[in-house]
Amino acid sequence: MDYKKTLNLPKTGFPMKANLAGREPEQLNRWDSMGLYAQIRKASEGKPAFTLHDGPPYANGHIHIGTAMNKILKDIIVRSRQMAGFDAAYVPGWDCHGLPIEHNVDKELGSKKKEMTQAQVRRKCRAYAEKFIDIQRDEFKRLGVMGEWDNPYLTMNYRYEATIARECCKFALNGSLFLSKKPIHWCCSCKTALAEAEIEYHDETSPSVYVKFALKDDPADIAAPLDGKQVSVVIWTTTPWTLPANLAIALHPDFEYAAVETGDGQVFILARELVDACMQTFGIADYRIIADLAARDLENRRCSHPFYNRDSLIILGDHVTLEAGTGCVHTAPGHGREDYDVGLQYGLDAYSPVNDNGVFTEDVGQFAGQFVFKANENINRLLEEKGVLLAKEEIGHSYPHCWRCKKPVIFRATPQWFISMEKTGLRKKSLEEIDRVKWIPHWGRERIYGMIENRPDWCVSRQRAWGVPITVFICEKCDTVHMDEAAMNRIFEEFAAHGADVWFEKEAAELLPDGAVCSNCGSPSFTKETDILDVWFDSGVSHAAVLEDRDYLHWPADLYLEGSDQHRGWFHSALLTAVGLRGQAPYRSVLTHGFVVDADGKKMSKSLGNVVAPKTVIDKYGAEILRMWVSASDYRDDVRISDSILKQLSDAYRRIRNTSRFLLGNLNDFSPETDSLAPEKMLEIDRFALHKLQLLVERALKAYDTYEFHVIYHRLYNYCTVDLSSFYLDILKDRLYTSPPASVERRSAQTAMYRILDAMARIMAPIMPFTAEEIWEHMPAVKDKADSIHLAAFPDPDPALKDESLASKWETLIRVRAEVTRALEKARADKVIGHSLDSAVTVGLSDELAGVMADFEDDLRAILIVSRANMTKGEIPGAYAGQETEGVWVKVEPAGGEKCQRCWVYDDSVGTIDGHPTICNRCAGALARMDVPAAAD
């Protein structure tokens with residue numbers, strides 16, 4: 001007889017080979033054709049809403065690995081909230097305006113741009129953005145990201161542009177928006193103002209100079225020892241190019257200053273604490289302090305500019321430090337924020353003789369037409385010629401750069417539009433709101449709090465073409481800004497109907513309500529502002545343009561999720577626009593993830609050749625492995641990726657898949673509705689398996705709630721490899737294969753396996769949506785089974801299936817079994833046995849362990865997967881002694897007897913059974929229960 005045909009061997013259409021790269025697109029097409037996302041929305045009606053608001057990626061270029069990680073994280077959260085019982089709609093979006101797109105369009109147009117109107121250039125920019133939105137949409141969908149892809153939000157949609165304009169008008173209405181000439185970060189390459197969020201810092205080497213400013217006022221009025229002396233105040237600066245704009249020298253009101261006389265009769269004024277260090281830098285050994293000076297006695301004294309015929313006023317400022325330099329700070333109010341602030345107190349002009357491309361104007365005489373950084377050398381040469389340069393050296397320091405073109409920026413005073421941090425209490429209210437938000441990780445709170453606490457007024461104007469204009473009107477007669485609700489509403493209507501291009505295509509009179517006049521002088525003549533808004537304002541008001549505009553979302557959002565750079569970006573601008581106009585943060589929680597780095601922790605860089613492209617990973621491994629990589633990482637820190645990491649995850653995926661396949665294969669003849677057993681009728685090991693399952697479910701659901709996806713991945717992987725494959729399923733095979741199909745022994749195991757697989761598939765669904773769906777399709781049919789696992793809910797932990805006393809007993813057995821396994825491995829290495837079923841095992845146990853293990857005596861052979869097993873009390877001389885569990889001794893011997901041809905167990909009954917001479921008594925009994933006739937003689 002071919003006894004193999006009498007075994008219940010696994011059968012399933014679930015393939016062993018995943019072929020993810022080929023099968024995933026097919027699955028995506030099926031979801032599209034069945035309208036899965038729409039089905040989920042319909043099924044969720046009436047459930048409590050959960051809104052994760054998508055931070056818009058920029059519509060420029062293909063997605064990179066960091067973008068992929070961000071979108072996958074969001075998808076895991078949305079899917080998990082959906083399965084946890086929420087209505088979790090996901091509206092993806094794109095940031096469409098801004099300089100990178102405009103630059104690329106400029107390159108494409110070349111000289112043609114000069115012949116085009118601003119509106120025509122803007123239309124080219126719109127088409128460019130549309131192209132990459134389509135590209136990125138397909139790339140995000142390929143990752144398995146589920147959402148409203150047919151109706152995303154775009155910052156260049158007409159209604160969105162209308163909302164941007166309306167929010168800008170509201171800031172004008174409440175008095176927060178104002179025009180001022182004050183120094184801002186200026187990119188000479190991009191020829192536009194930059195906000196704090198558009199600045200990144202890199203190390204630079206700059207010329208450091210110490211310069212004498214001759215005291216113009218009578219020194220005797222300051223201190224008697226200075227009478228008749230040649231006195232100079234010494235400044236230090238790392239930006240010699242700003243010296244043409246010098247108007248003052250700042251001292252700290254509380255520092256002690258000294259007059260230092262050198263051997264040649266010169267007298268220098270500098271901070272007393274820095275005298276020795278400075279004189280060493282100057283190379284002067286012969287010097288003495290001839291007077292101690294109070295900063296306030298020097299206030300409002302005048303010095304001569306080192307190379308122009310004008311005064312430099314001595315002023316006081318708290319920003320002066322003793323960390324470097326002389327304690328006397330060169331002050332150019334047109335080229336520094338602190339210089340500007342202190343200069344205001346003394347009525348100094350924000351003088352900035354530099355044009356848009358960073359070149360000196362005619363005001364500066366011999367340096368006119370020179371680029372500012374290149375002028376450093378010429379200015380230093382002039383200082384030497386004038387005899388006022390005391391020392392010159394190179395210094396390395398952190399310097400601001402434009403985050404788009406990566407070039408160093410300058411501080412430059414030009415007329416710009418600002419949103420005040422103080423006028424309506426925006427700073428104070430924002431700081432209060434920060435403390436009402438849950439920041440994940442918690443350090444996010446400190447980061448954004450410090451940024452808001454110390455930030456200047458928000459410079460929102462940009463001198464470019466592709467963006468939403470600052471929609472204010474200016475009276476031609478008196479220069480008063482005109483804005484009222486009627487004008488705001490008219491702008492909104494025009495933009496909603498025609499887009500922001502209408503601002504550049506129509507005259508001011510056509511955009512204003514009939515009869516509009518200046519509130520200051522009554523004039524009906526207005527001009528339009530031509531600057532556009534900072535693109536961070538565009539994305540910052542997405543809470544108004546998206547959350548408030550779609551009735552199935554809610555304001556504030558439950559969650560914003562982006563990279564840690566967005567504390568100065570989107571989290572920041574969204575907070576200011578929401579608090580400034582609504583008095584509340586637009587989010588309840590903010591989750592931050594780190595950046596993607598290579599295996600060595602280095603930043604991804606084309607020059608280093610360590611960039612990992614999402615498409616490359618997907619084509620080789622499948623999107624599922626990329627999703628597993630995201631879930632396996634603690635994304636709150638920087639996340640490493642490499643081919644070796646992906647290979648490890650691919651191996652882990654195979655373990656999870658093969659475990660699922662084994663479960664499916666052994667459920668081929670099982671109907672959950674008719675074949676399931678009640679827990680009290682199940683075998684003890686199966687009840688223990690269900691107890692362990694509840695622990696997995698509880699921990700997974702908690703981890704989903706706290707966004708700790710790496711916990712889920714590791715728990716699921718360990719559950720499949722340790723709890724199932726290495727223990728439960730390993731023991732189960734003999735019973736599953738050899739017992740009669742409908743026996744209690746087999747149905748008990750199948751009941752547990754079905755519940756395990758069902759829970760596992762649901763738990764993995766948000767992270768591994770393709771594989772979970774594939775498992776779902778192959779699972780036994782039940783009444784009202786959802787068409788997709790993504791229409792199902794998470795499993796609920798069942799307290800009735802938890803049994804701590806049972807678990808305690810089985811955990812003891814697992815420890816003892818581990819020692820037996822080690823003993824079997826040693827016996828195999830020593831050639832005593834081959835397979836574990838070749839062995840007979842005697843286990844010696846301490847009294848304590850023997851008391852617990854007594855309950856397992858009848859099942860010990862099956863649990864240890866050996867042919868014979870006995871237990872005895874006490875140590876077995878010469879036997880293997882337990883390594884990790886004391887009080888265990890294991891003796892391994894060849895089993896003896898004949899091998900059953902059906903179950904492969906060595907048993908003395910083989911050869912004694914009529915009609916079945918090659919099988920054991922247990923298998924013969926199973927065949928009798930299955931009505932299998934004996935073999936003919």
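Nothing here was measured: the structure is a model prediction, and the numbers come from that model.
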Decide side-chain contact (heavy atoms from CB on, under 4.5 Å) for Lys74 and Leu559; before the verdict, give the C-alpha distance in whole Å, the side-chain angles of both, and the deciding distance to 0.1 Å. CA-CA 10 Å; Lys74 290 172 181 173; Leu559 185 67; over 6 Å; no
May I ask you to check whether Tyr153 and His53 place their ring centres under 6.0 Å from each other? yes
Quick one: list whatever passes ring-ring contact (aromatic ring centres under 6.0 Å, His included) with His691, sequence neighbours left out. none
Rounded to the nearest 0.5 Å, how far apart are CD of Gln27 and CG of Leu36? 9.0 Å
All ring-ring contact (aromatic ring centres under 6.0 Å, His included) counterparts of Phe670, not counting sequence neighbours: none
Please test Asp134 against Arg137 for salt bridge (Lys or Arg N to Asp or Glu O under 4.0 Å), starting from the C-alpha separation and ending with a verdict. CA-CA 5 Å; Asp134 289 341; Arg137 185 196 338 251; 3.0 Å; yes
Could you tell me if Tyr728 and Asp686 have a donor-acceptor pair between their side chains, going purely by distance under 3.5 Å? yes
Check whether any side-chain N or O of Asp600 sits under 3.5 Å from a backbone N or O of Lys602 as a donor-acceptor pair, and report yes or no. no
Considering non-hydrogen atoms only, spot the tightest contact between Arg699 and Glu708 and give its length. NH2-OE1, 4.0 Å
Taken to the nearest 0.5 Å, the spacing of Ile731 CD1 from Ile685 CD1 works out to 4.0 Å
Can you tell me if Gln694 uses its side chain to pair, donor with acceptor, with the backbone of Asp798 under 3.5 Å? yes
Do Gln82 and Arg79 get their side chains close enough for a donor-acceptor pair, meaning under 3.5 Å? no
Would you check if Arg902 and Thr6 make a side-chain contact, meaning some heavy-atom pair closer than 4.5 Å? yes
Could you give the distance from OH (Tyr707) to CZ (Arg81), rounded to the nearest 0.5 Å? 6.0 Å
Cation-pi check, Lys785 to Trp776: give yes when NZ or CZ is under 6.0 Å from the six-membered ring centre and within 45° of the ring axis, no otherwise. yes
For a side-chain contact (heavy atoms from CB on, under 4.5 Å) check, start with the C-alpha distance between Phe794 and Val697, then their side-chain angles and the critical distance, and finish with the verdict. CA-CA 9 Å; Phe794 276 142; Val697 171; over 6 Å; no
Would a distance-only check, ignoring hydrogens and angles, find a side-chain to backbone donor-acceptor pair under 3.5 Å from Ser631 to Met628? yes
Ile440 side chain near Val590 side chain, heavy-atom distance below 4.5 Å: no
Looking at every non-hydrogen atom in both residues, tell me the closest pair between Pro56 and Asp95 and how far apart they are. CB-N, 3.3 Å
Looking only at the aromatic ring of each residue, does the gap between the centers of Tyr653 and Trp629 stay below 6.0 angstrom? no
Salt bridge check, Arg661 against Glu774: does any charged N sit closer than 4.0 Å to a carboxylate O? no
Mark yes or no for whether Ser650, through its side chain, and Leu646, through its backbone, hold a donor-acceptor pair below 3.5 Å. no
I'd like to check Met604 versus His64 (side-chain heavy atoms, cut-off strictly below 4.5 Å). Are they in contact? no
Counting N and O atoms only, with roles assigned by atom type, does the side chain of Ser739 sit under 3.5 Å from a partner on the main chain of Leu736, one being a donor and the other an acceptor? no
Looking at CG of Leu553 and CG of Leu52, how far apart are the two atoms once the value is rounded to the nearest 0.5 Å? 10.5 Å
Can you confirm whether the side chains of Thr592 and Gln566 place a donor and an acceptor under 3.5 Å from each other? no
Dump the intermediate steps for side-chain contact (heavy atoms from CB on, under 4.5 Å) on Arg550 and Asn151, then the final yes or no. CA-CA 11 Å; Arg550 303 195 185 205; Asn151 186 29; 3.2 Å; yes
Between Met779 and Leu664, is there a side-chain heavy-atom distance shorter than 4.5 Å? yes
Under a 3.5 Å distance rule, please check whether Arg640 uses its side chain to pair with a backbone N or O of Ala599 as donor and acceptor. yes
Would you sort out whether Leu73 and Phe709 count as a side-chain contact (heavy atoms from CB on, under 4.5 Å), showing the intermediate values? CA-CA 9 Å; Leu73 277 173; Phe709 308 126; 3.8 Å; yes
Should the pair Phe132 and His62 be assigned to parallel (<30°), tilted (30 to 60°) or perpendicular (>60°) ring geometry? perpendicular
So, Glu624 side chain and Leu20 main chain: donor-acceptor pair closer than 3.5 Å or not? no
So which heavy atom on Asn60 is nearest to which on Gln136, and how close? N-NE2, 3.7 Å
Is any side-chain heavy atom of Ser748 less than 4.5 Å from a side-chain heavy atom of Arg735? yes
Which heavy atom of Ala632 sits nearest a heavy atom of His710, and at what distance? O-CB, 3.7 Å
Using a strict threshold of under 4.0 Å (side-chain N to carboxylate O), is an ion pair present between Lys71 and Glu139? no
Within this structure, what is the CD1-NZ distance for the pair Ile814 and Lys692, rounded to the nearest 0.5 Å? 6.0 Å
Examine distances only and state if a side-chain atom of Ser642 and a backbone atom of Asp598 form a donor-acceptor pair shorter than 3.5 Å. no
Determine, using ring centers only, whether His790 and Trp31 are less than 6.0 Å apart. yes
Expected output: side-chain Asp75 to main-chain Met146 donor-acceptor under 3.5 Å: yes
Are Arg41 and Asp87 within salt-bridge range, i.e. N to O under 4.0 Å? yes
Could you check whether the rings of Trp149 and Trp94 sit parallel, tilted or perpendicular, using 30° and 60° as the cut-offs? tilted
Minimum heavy-atom distance Tyr90-Pro92, with the two atoms named: O-CD, 3.4 Å
Tell me if the NZ atom of Lys47 is crowded by more than 12 foreign heavy atoms within 6.0 Å. yes
Sub-4.5 Å side-chain heavy-atom contact between Val630 and Val639: no
4.5 Å side-chain heavy-atom contact, Thr771 and Arg657: yes
Ser726 side-chain N/O to Thr721 backbone N/O, donor-acceptor pair under 3.5 Å: yes
Taking Asp643 first and then Lys620, would you say they form a salt bridge - that is, a charged N and a carboxylate O separated by under 4.0 Å? yes
Check: Pro679 and Leu690 side chains under 4.5 Å, non-hydrogen atoms: no
Tell me, please, whether Tyr713 has Arg627 positioned over its six-membered ring: NZ or CZ under 6.0 Å from the ring centre and within 45 degrees of its axis? no
Is it true that Asp634 and Arg636 have a side-chain N and a carboxylate O under 4.0 angstrom from each other? yes
Electrostatic pair Arg762-Asp758, nearest N-O below 4.0 angstrom: yes
If I compare all heavy atoms of Ala68 with all of Leu626, which pair ends up nearest, and what's the gap? CB-CD2, 4.5 Å
Would Arg142 and Glu24 pass as an ion pair if we require N to O under 4.0 Å? yes
Answer yes when Arg23 and Glu26 have at least one side-chain N-carboxylate O distance shorter than 4.0 Å, and no when they do not. no
Is there a donor-acceptor contact under 3.5 Å linking the side chains of Asn70 and Glu562? yes
When you compare the side chains of Ser725 and Arg655, does any donor N or O come within less than 3.5 Å of an acceptor on the partner? no
Between Lys899 and Asp838, does any NZ, NE, NH1 or NH2 come within less than 4.0 Å of an OD or OE carboxylate oxygen? no
